[in-house]
Amino acid sequence: MATYVWDFTQGDKDHKDLLGGKGANLAEMTRLGLPVPPGFTITTEACRAYMRTGAVPRELAVEVTTALRLMEDRLGRRFGDPDDPLLVSVRSGAKFSMPGMMETVLDVGLNDVTVHGLARFSGDERFAWDSYRRLCQMFGRTVLGIDGALFADALDAAKAARGVTSDVDLDAAALRELVGQFQEIVRAHTGRPFPQDPREQLDLAIVAVLGSWNTERARLYRRKERIPDDLGTAVNVVPMVFGNLGPTSGTGVAFTRDPATGKTGNYGDYLANAQGEDVVAGIRNTLSLDDLAERDPAAYADLRRAMRQLETHYRDLCDIEFTIERGKLWMLQTRVGKRTAPAAFRIATQLVDEHLITLDEALARVTGAQLSQLLFPQFAVDADRTLLARGMAASPGAAVGAAVFDSAAAQERAARGEDVVLVRRETNPDDLGGMIAAVGVLTARGGKTSHAAVVARGMGRTCVVGAEAVDIDAVARSFRVDGHVVREGDTVAIDGSTGEVFLGSVPVEPSPVSRYLDEGLDSALAQAPDDDTRELVSAVDRLLTHADQVRRLHVHANADTADDAARARRLGAQGVGLCRTEHQFLGERRVLVERVVLAADDDARQSALDALLPLQRADFTALLEAMDGLPTTIRLLDPPLHEFLPDLTELSVRVALAHERGQDVPDDERLLAAVQRMHEANPMLGLRGVRLGLVVPGLFALQIRAICEAVVERRAAGGDPHAEIMVPLVGSVQELRLVKDEARAIMAEVGAARGVELDLPVGVMIELPRAALTADRIAEEAAFFSFGTNDLTQTTWGFSRDDVEGAFFAQYTDNGVLTVSPFETIDARGVGRLVDIAVAEGRATNPSLSIGVCGEHGGDPESIRFFHGAGLDYVSCSPFRVPVARLEAGRAAVEDATVDAR
Ligand code: PEP
Ligand code: MG
């Protein structure tokens with residue numbers, strides 16, 4: 001088989017890498033015996049060679065000749081024949097659909113001679129000259145790089161001269177004259193006449209389409225869609241068929257099922273006497289396929305047969321582009337059609353019920369991202385609403401609240417129980433408090449990887465970014481948009497799934513699918529408003545249940561409180577993978593920690609620790625009760641010390657002001673000295689995690705004791721607690737040994753005092769490259785590993801998430817250093833390699849070592865597949881992402897099985 005050119009009879013749908021999506025599916029339809037014009041595909045390999053060397057490979061011309069001759073023989077027409085010319089289209093088509101981003105040239109092969117042949121063949125002189133006019137214009141702009149405005153201006157002038165406003169009102173003579181003018185433009189700008197040799201036209205068009213892989217907009221689109229830059233496009237050379245040869249011709253699009261609901265039937269649009277783009281351009285009103293059945297029953301019957309054949313063959317919803325040329329059906333494109341999230345679930349289970357696919361295949365066809373779209377609350381569809389502006393849909397959901405313009409106001413109002421929407425030009429790490437307090441975040445600037453977008457997604461907070469029409473006056477605490485002024489406290493509503501911003505309140509309701517997850521199938525079905533919703537909820541239930549049956553990864557939740565844990569459990573969590581205990585030390589209890597840290601002597605410290613013990617024990621008892629019977633991993637205190645101490649600047653100002661007034665403030669002075677002593681330039685890399693536990697006496701011991709006592713209490717109450725102790729930020733096995741020795745001693749002491757046996761597992765978080773690289777040694781002491789991929793990402797890249805996301809991630813995505821934030825999706829090459837090393841070496845030491853992940857990546861679909869492949873035992877994620885993780889873990893398992901079976 002040739003390297004660069006494949007005839008449509010040679011390829012198939014599994015060659016998308018080489019033939020692009022369009023080419024592969026045209027080949028597949030040809031194999032199925034469907035009426036596809038007999039064309040050929042120039043492979044992506046040619047494009048890659050072109051990108052490497054700046055020239056097409058020398059063999060290409062020869063291979064094109066062979067394929068072209070075959071095409072001519074099949075059709076009995078010749079390229080460049082003056083009487084009955086063959087014309088071709090030259091179409092781009094990459095592996096992944098990039099709609100409208102690359103170039104296409106139609107009617108290649110027309111020249112001053114063949115235009116007459118086309119007029120004779122079509123019996124329509126106007127049509128022939130219009131086609132030639134279009135070729136000159138498209139070729140001039142796309143292939144020869146001439147400014148398109150020159151052609152457009154000439155066209156406008158021609159219309160003005162004849163007193164008409166529409167292209168279709170130009171007659172053959174006018175179009176012929178226009179062709180002359182267009183050719184003049186070409187001569188003036190290239191110094192050469194418009195190419196008359198059809199083969200030269202074809203070769204130039206091929207190069208132009210190959211080159212269009214790298215246009216600015218194509219690159220931008222790839223970056224946005226995370227399509228690699230080095231794939232290249234294929235080029236399809238297809239004989240032209242004409243849908244605009246009178247009333248028995250036409251062109252249309254069709255779906256084998258409704259892409260919005262999944263219902264089977266005749267979905268599509270048809271336009272008689274029209275060519276390709278006219279259907280989507282909305283120039284004239286289209287007809288339904290039923291109308292086509294009346295106009296041309298024979299062609300319609302052929303189309304229906306082809307649709308059924310395609311759906312049976314692809315075993316999925318297909319979308320189709322077709323043309324009817326004088327009553328003869330031609331299939332110009334097909335592909336497995338895009339669909340909405342609800343339709344994806346419905347179609348997958350419908351196909352199972354029709355015995356077209358297995359449940360495994362159905363599971364592979366829905367995604368975690370689609371499921372999460374179905375989980376967010378939604379604005380009631382039939383509500384009255386006033387649209388104010390549109391931005392980018394950054395983090396889904398529907399949020400209604402009072403507009404506030406800074407973090408402090410957000411927190412203040414939220415503390416009073418008010419729902420607020422934080423409105424900022426853009427956000428930065430200082431806004432975090434406000435973002436947490438708000439039900440939604442709206443920014444006027446920034447894209448999908450802006451600070452606001454990334455952070456909001458991470459928290460599951462509804463967010464709309466880049467609503468440029470929103471003109472914010474932060475000082476006046478208001479924004480202006482389109483004549484409306486919205487002041488602080490006025491109600492706004494934002495839809496993070498559509499990017500819409502509304503004035504006033506719009507009623508919100510939980511989605512039917514989240515109701516199903518929260519309350520169970522029966523309750524959700526009983527409350528569903530219609531059959532479609534019932535079908536959707538059942539479809540989600542079936543696929544999620546199947547995912548649970550096939551997945552190998554367990555799904556745990558990151559939950560700090562009993563309420564969170566209970567919620568996670570309802571959503572299907574099989575344990576708590578991370579309880580961050582620092583949250584239990586903030587608020588009112590912060591002063592107790594302050595006393596521990598600043599204690600003048602052991603007694604003072606002990607009395608502060610004693611005050612904390614019952615509080616911590618109560619936290620853990622409640623958590624273990626909510627997770628009764630399931631593993632509950634409690635992490636010892638992690639954050640930098642300064643988070644528990646007063647703010648250095650505030651304190652310095654307070655002391656300085658007192659001194660100025662001539663006052664002595666000994667307590668504040670002592671505090672200030674301590675805060676200054678502990679101040680760190682890089683707290684993320686400072687005295688935190690296990691280091692803090694080893695340096696501040698009694699702190700970890702208090703927590704371990706509280707855990708042990710909570711376990712004893714739960715057992716006494718008839719419960720089945722499974723607490724596990726997790727040590728953060730370990731870099732050396734010796735750190736773990738020290739904590740473990742302390743833990744053992746406390747377990748023995750508490751056990752002896754209560755007359756019970758306590759042997760709680762003590763494990764580590766792998767959050768530092770050194771921990772991953774010395775995993776063999778750490779595994780000698782650790783009962784389990786849990787990858788803290790948030791910190792592991794920070795420490796592997798050497799950047800702090802809080803600092804860099806707002807500062808330069810947007811630029812790094814623009815210039816291609818990053819395709820996606822490594823805090824969102826695991827950086828498989830770098831951080832992932834450390835994970836692989838630690839898994840292999842940890843298990844070499846201890847084959848039964850339990851290994852999980854509890855960083856944010858544990859809930860990210862792409863990362864979950866990575867962790868499945870890496871052989872982890874579980875992923876742990878925020879409660880609201882648990883269902884998504886269950887689904888994705890199931891998909892990873894069935895896809896793995898498919899690969900194994902090949
Ligand atoms: C982590 O680092 O991945 C982790 C879970 O810990 P935290 O996010 O609390 O630092
Ligand atoms: Mg961490």
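Nothing fancy with the numbering, it's 1 onward along the sequence. Ligands are counted one by one from 1 in listed order, and the atoms in each one are counted from 1 as well.
The main-chain N or O of V762 is never found under 3.5 Å from a side-chain atom of K740 such that the two would form a donor-acceptor pair. One N or O on the side chain of R461 and one on the backbone of M435 form a donor-acceptor pair closer than 3.5 Å. No donor-acceptor pair under 3.5 Å is formed between the side chain of D638 and the backbone N or O of E582. Between the side chain of E594 and the backbone N or O of L645 there is no donor-acceptor pair closer than 3.5 Å.
Heavy-atom contacts of G788 reach the following atoms of ligand 1: 1 (C), 2 (O), 3 (O) (cutoff under 4.0 Å). If you number the atoms of ligand 1 from 1 as listed, the ones under 4.0 Å from a heavy atom of N790 come out as 1 (C), 2 (O), 3 (O), 4 (C), 5 (C), 8 (O). Every atom of ligand 1 is numbered from 1 in the order shown, and the set under 4.0 Å from a heavy atom of C854 is 5 (C). Close contacts between ligand 1 and L578 involve ligand atoms 5 (C) [criterion: under 4.0 Å to a heavy atom]. The distance from ligand 1 to the heavy atoms of D638 drops below 4.0 Å at these ligand atoms: 10 (O). Interface atoms of ligand 1 facing R580, defined by a heavy-atom separation under 4.0 Å, are 4 (C), 5 (C), 6 (O), 7 (P), 8 (O), 9 (O).
Closest to atom 4 (C) of ligand 1 by heavy atom, among R688, M765, H857, M726, is M765.
Of the heavy atoms in L792, none comes closer than 4.0 Å to ligand 1. Residue-level proximity to ligand 1 for Q794 is absent, since no heavy atom of it falls below 4.0 angstrom. Neither the backbone nor the side chain of N558 has a heavy atom within less than 4.0 Å of ligand 1.
At under 3.5 Å, a nitrogen or oxygen of T789, whether backbone or side chain, sits near a nitrogen or oxygen of ligand 1.
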* To do: Begin with the C-alpha distance, continue with both residues' side-chain angles, and end with the deciding distance and a verdict on salt bridge (Lys or Arg N to Asp or Glu O under 4.0 Å) for E895 and R865.
  => CA-CA 10 Å; E895 276 165 29; R865 299 156 106 78; 2.3 Å; yes
* Please report the C-alpha distance between E780 and R777 in whole Å, then the side-chain angles of each, then the deciding distance to 0.1 Å, and finally whether the salt bridge (Lys or Arg N to Asp or Glu O under 4.0 Å) criterion is met. => CA-CA 5 Å; E780 286 170 8; R777 289 164 61 83; 5.9 Å; no
* Take R580 and D564 through the test salt bridge (Lys or Arg N to Asp or Glu O under 4.0 Å) and record every step on the way to the result. => CA-CA 12 Å; R580 290 181 165 102; D564 276 357; over 6 Å; no
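Of the protein's non-hydrogen atoms, the one nearest atom 6 (O) of ligand 1 is R635 NH1, 2.9 Å. Atom 10 (O) of ligand 1 has D791 OD2, 2.9 Å as its closest protein atom, hydrogens excluded (heavy atom only).
Checking D791 against the Mg ion (ligand 2), an N/O/S atom falls under the 2.8 Å cut-off.
No side-chain N or O of T845 forms a donor-acceptor pair with one of D776 less than 3.5 Å apart. For the residue pair T621/E625, the side-chain donor-acceptor check at 3.5 Å is not satisfied.
Minimum-distance N/O/S atom of E767 relative to the Mg ion (ligand 2): OE2.
By the 30° and 60° cut-offs, the orientation of the rings of F799 relative to F809 is perpendicular.
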